[in-house]
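Right, one structure below, let's go through it.
Counting starts at 1 for both ligands and their atoms, following the listed order. Treat the numbers as computed from the prediction; the structure is a model and nothing was measured. Quick note: numbers below take in every heavy atom, side chains included, and nothing from hydrogens, waters or symmetry partners.
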Amino acid sequence: MARVWHLTARPDGDLDPGIFTLEDVPDPPLGDDEVRIANSWLSVDPFMRGMLDDHGGYMPALPLGSPMQGGAVGTVIESRARDWPVGRKVLHNGGWRDVAVVAQAACEAIPDSAAPIQRYLGHLGMPGQTAYFGLLDAAAFRPDDLLFVSAAAGAVGSAVVQIARIKGATVIASAGGADKCAALRDWGASIAIDRNAPGTMREKLGAAVRGVGAEGISAFFDNVGGDHLDAAIQHARVGARFALCGMIGGYGRGDQLVLDQPMRLVARRLRIRGFAAPDYDDRWAEFHEDMLRWTLSGDLVSAETVHEGLAAVPAAFCALFTGGNLGKMLVRL
Ligand code: NDP
């Protein structure tokens, strides 16, 4: 039997781990070109929130009663796929369960290196790819940038801050709480903004920009939307480049940004670009080479918040939306 988390109720107000149910599912025999994988680490990610409502949106809606899915790394324990022998470490999308049956075409080999395999769910995986190309391509990064990064202490944001530092930019970063702000400074942010501290985000970003003696930000990597995007528009230089990565401040709430001075977009000649990690799948090797080198050299630090055991998956997922993670949120089996 495999043990698999299913979506059995829709969210109603604040996210509640009780909308998920753990069920025993018979382990099917393998078909041609399939492998059975014992998962060792599971990922929970904000995008999964988009599957839970009945209307879908950013992600297609998951029918009630469906098994949850998500990133996972594990070891092949049975194989009918020529390229995937027993013992091979793989990255795949059969998460939220202890054992998964996956087609070989849907598995990726984890390269042999000194990096821990769970990094392939974080800085060496999808969140790292998001940070790397979102910053360097979508935001058209320049080493002389004054960059603002929101939700900067999480999986994506922590990589953005450090890549920008490695490449020489000045970074203003926001997160929730004093401990997260201390981490942002350790990773190279010149100024850390505590989103939970008194004052509006406009006021806090304005003070940060003045604190580094600048007239405005030249680039923005946005994970939050809402008041963070509003503040960035208010404090942008002419020609500033915005990469819109996500809007977690509004997930499940619908309280997105209302532009109160839209002419600023025109007057400041802002360049605003949304993007998604898969846009860059064909450039994976380029991202992996840089991120692995920085990981192994210690230039790039990967914080992790680890929950233990399959039973902990829903709570770990829900805690993403109350700031319960520093770095990548993971579940270890
Ligand atoms: P994180 O590791 O950053 O975890 C989520 C963090 O968001 C929390 O720890 C919290 O940090 C912050 N947060 C939660 N609720 C709110 C809120 N209401 N207002 C402001 N901040 C909030 O997640 P990821 O790094 O995986 O993802 C970050 C963003 O990137 C998300 O918006 C996600 O959807 C997006 N994303 C987009 C991708 C793409 O392809 N475009 C791919 C991957 C992610 P704190 O306590 O510090 O505020």
Side-chain angles (χ1 to χ4, degrees), residues 13-15 42-52 57-59 70-71 121-123 125-135 137-139 149-163 173-185 187 189 192-197 200-201 204-205 220-232 242-257 272-281 283-284 287 302-307 316-331:
D14 288 341
L15 265 188
L42 306 179
S43 180
V44 288
D45 297 273
F47 77 84
M48 296 167 181
R49 177 67 185 82
M51 308 187 299
L52 306 183
Y58 175 51
M59 299 292 294
L121 298 173
H123 283 171
M126 182 276 286
Q129 179 172 326
T130 305
Y132 184 91
F133 291 113
L135 179 65
D137 187 75
V149 187
S150 61
V156 174
S158 60
V160 176
V161 169
Q162 294 180 80
I163 296 166
S174 70
D179 291 350
K180 290 187 180 184
C181 287
L184 296 180
R185 287 187 288 270
W187 296 333
I193 296 174
D194 183 350
R195 75 175 174 98
N196 299 330
T200 65
M201 189 51 66
K204 288 185 272 193
L205 181 57
F220 179 39
F221 190 108
D222 193 17
N223 291 309
V224 173
D227 61 341
H228 287 67
L229 179 53
D230 168 76
F242 285 27
L244 303 190
C245 175
M247 300 200 173
I248 195 168
Y251 293 175
R253 278 189 286 275
D255 53 342
Q256 298 297 314
L257 173 68
I272 298 183
R273 177 152 165 216
F275 74 97
D279 302 346
Y280 299 98
D281 280 351
R283 294 172 64 185
W284 182 87
F287 138 78
S302 297
E304 293 170 348
T305 299
V306 178
H307 290 239
F317 171 67
C318 293
L320 286 171
F321 301 90
T322 54
N325 59 305
L326 175 67
K328 178 69 189 130
M329 184 72 102
L330 292 165
V331 178

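The number of heavy atoms from other shown groups lying within 6.0 Å of CG (Asn196) is above 12.
No donor-acceptor pair under 3.5 Å is formed between the side chain of Lys180 and the backbone N or O of Gly154. No side-chain donor-acceptor contact under 3.5 Å links Asp227 to the backbone of Met201. At least one donor-acceptor pair under 3.5 Å links the side chain of Thr305 to the backbone N or O of Leu326.
In terms of the salt bridge (Lys or Arg N to Asp or Glu O under 4.0 Å) criterion, residue partners of Lys328 (sequence neighbours excluded) are, by chain and number, Asp45.
Using a cut-off of 4.0 Å between Lys/Arg side-chain N and Asp/Glu carboxylate O, Arg273 and Asp137 are scored as salt-bridged.
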Between ligand 1 and the protein, which N/O pairs fall short of 3.5 Å?
from, atom 1, to, atom 2, distance (Å)
ligand 1, 2 (O), Ala155, N, 2.8
ligand 1, 2 (O), Asn325, ND2, 2.9
ligand 1, 4 (O), Asn325, ND2, 3.3
ligand 1, 9 (O), Asn325, OD1, 2.5
ligand 1, 18 (N), Arg253, NH2, 3.0
ligand 1, 19 (N), Arg195, NH1, 3.4
ligand 1, 21 (N), Arg195, NE, 3.4
ligand 1, 25 (O), Ala155, N, 3.2
ligand 1, 25 (O), Val156, N, 2.8
ligand 1, 30 (O), Asn223, OD1, 3.2
ligand 1, 32 (O), Asn223, O, 2.9
ligand 1, 32 (O), Tyr251, OH, 3.2
ligand 1, 34 (O), Tyr251, OH, 2.7
ligand 1, 40 (O), Ala277, N, 2.7
ligand 1, 41 (N), Cys245, O, 2.9
ligand 1, 41 (N), Phe275, O, 3.0
ligand 1, 46 (O), Lys180, NZ, 2.8
ligand 1, 47 (O), Gly176, N, 2.8
ligand 1, 47 (O), Lys180, NZ, 3.4
ligand 1, 48 (O), Arg195, NE, 2.4
ligand 1, 48 (O), Arg195, NH2, 3.2

